[in-house]
Amino acid sequence: MTDAQGRRMRGILWFLGSIAAIILLASGVGVDLSGIQVIFWVFVLGIAALAVLVVRALVRLGDRRPTPVHVVVAPAPGLTAGWYPDQQDASLVRWHDGTQWTLHTQPANTMPPRGS
């Protein structure tokens with residue numbers, strides 16, 4: 001049995017057990033339930049359980065889009081210090097200190113500050 005089948009089976013067992021528990025509790029507290037009322041409550045509980053299962057399935061499904069791939073190109077040897085187009089976001093420029101990329105970025109359409 002696969003993991004998905006096991007989860008489905010556990011869900012069915014929980015559902016049936018809940019219905020049985022409610023019927024036993026209702027009969028134990030002196031509530032007089034006719035056959036039609038039992039069928040009605042089983043139907044109502046079935047709809048509620050189905051709604052819960054649908055919501056759980058949608059939450060588990062979530063967002064299955066693949067995560068974006070960010071390609072970081074290693075700087076060419078001998079790259080001088082300065083502002084270069086950011087490899088992860090085309091709207092930014094990133095500061096290279098001559099040996100490595102820094103965390104400093106700014107919009108690509110602005111002029112870099114003097115002395116940079």
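Along the sequence shown, the residues carry numbers beginning at 1. Note that the structure is predicted; figures quoted are calculated from it, not measured.
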Looking only at heavy atoms, which two atoms of H96 and T99 are closest? And how far apart?
CE1-N, 3.5 Å
Look up atom CG in D86 and atom CG in L92, then write down how far apart they are to the nearest 0.5 Å.
5.5 Å
Nearest heavy-atom contact between A108 and A90 is CB-O, 4.1 Å
If every non-hydrogen atom of F15 is compared with every non-hydrogen atom of A49, which pair is closest and at what distance?
CD1-CB, 3.2 Å
Gap separating the CH2 atom of W83 from the NE2 atom of H104, nearest 0.5 angstrom
7.5 Å
Value for CZ (R94) from CD (Q87), rounded to nearest 0.5 Å, stands at 9.5 Å
Pairwise distance CG(L53) to CZ(R8) - rounded to 0.5 angstrom:
11.0 Å
Within the structure provided, determine whether Y84 and T80 are in side-chain contact (heavy-atom separation under 4.5 Å).
yes
